[in-house]
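First listed ligand is number 1; within each ligand, the first listed atom is number 1.
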Amino acid sequence: MSPKNTNILVYIVLLVVASYVAYATDPNQLQDFCVGVNNPIDGLFVNGLFCKNPMVVKAEDFYFQGLDKAGNTNNQVGSNVTRVTAMNLPGLNTLGISLARIDVAPYGVNTPHHHPRATEILTVLEGTFYAGFITSNLQNGENKLFTKILNKGDVFIFPQGLIHFESNIGHTPAVALSAFSSQNPGVVTIAAATFGANPPISVDVLSRAFQLNPVIVKNLQSRRFE
Ligand SMILES: *[C@@H]1O[C@H](CO)[C@@H](O)[C@H](O)[C@H]1NC(C)=O
């Protein structure tokens, strides 16, 4: 081998080693937390779910039925999300993807929430949505809102971790199908997490945070959130 070729070879080897090192990070978390235990007998599950022996895996493990059926939107917020994640479609375990059907009654809202572990890509199947997401705190202190009116066939993205919402601004039921970049995206509903936490967050904390009279905070905390 000529010295020049040897140099190229060394360069390629270094590149491979460097990219290997770059990938040698901890795996992404697949649930809110996973507290360590010393004895496996005290443990519940690993990061994700245990794997079924491939010799006994069946087509049914990759199959889910019923997304043609609308969720019941007869509730406070006028919306219902039917989730298809590794929890009810075990074949999704370790594959980093999942799905949800979103039904919103006329003037109903899939209220502001975020997914700690996934980006969402939404496709409108029926009706008209007003949808948007808010950036994290920008350098100038702003939180920028990006919104769109979405009609049948339109697609919109909610980047991972950002607060977003969809409301039905039409006169007929609206339906969307969303895909997520996690087998378990998780949901944090803003109203429920802040005013419906169990046990409740101190009234002083919320009064300061939302700059509201404590009486109003207590009123909000007395409500039931979906
Ligand atoms: C969503 O719809 C399902 C199926 O109709 C129903 O069982 C569930 O209670 C509904 N959830 C809410 C929050 O209304």
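- Here the protein heavy atom with the shortest distance to atom 4 (C) of ligand 1 is N72 N, 4.1 Å.
- Side-chain contact check for N110 versus H113: some heavy-atom pair is nearer than 4.5 Å.
- The protein non-hydrogen atom at the shortest distance from atom 6 (C) of ligand 1 is N80 ND2, 4.2 Å.
- Between F129 and I169 the shortest side-chain heavy-atom distance does not fall below 4.5 Å.
- To the nearest 0.5 angstrom, F225 atom CZ is 9.5 Å from Q76 atom CD.
- With no hydrogens or angles considered, no side-chain donor-acceptor pair links N80 and N75 at under 3.5 Å.
- Per-atom contact check: atom 2 (O) of ligand 1 touches the protein, criterion being a heavy-atom distance below 4.0 Å.
- Ligand-side atoms of ligand 1 in range of G71: 2 (O), range being under 4.0 angstrom from any heavy atom.
- When the options F156, F133, F158 are evaluated for a ring-ring contact (aromatic ring centres under 6.0 Å, His included) with H164, the one that passes is F158.
- F180 is not connected to L122 by any chain of hydrophobic side-chain contacts under 4.5 Å among Ile, Leu, Val, Met, Phe, Trp and Tyr, and they are in different clusters.
- Protein heavy atom closest to atom 13 (C) of ligand 1, with residue, atom name and distance, is E226 OE1, 3.4 Å.
- At the shortest separation from atom 14 (O) of ligand 1 among protein heavy atoms lies N75 ND2, 2.8 Å.
- At a 3.5 angstrom cut-off on N or O pairs, S79 does not count as close to ligand 1.
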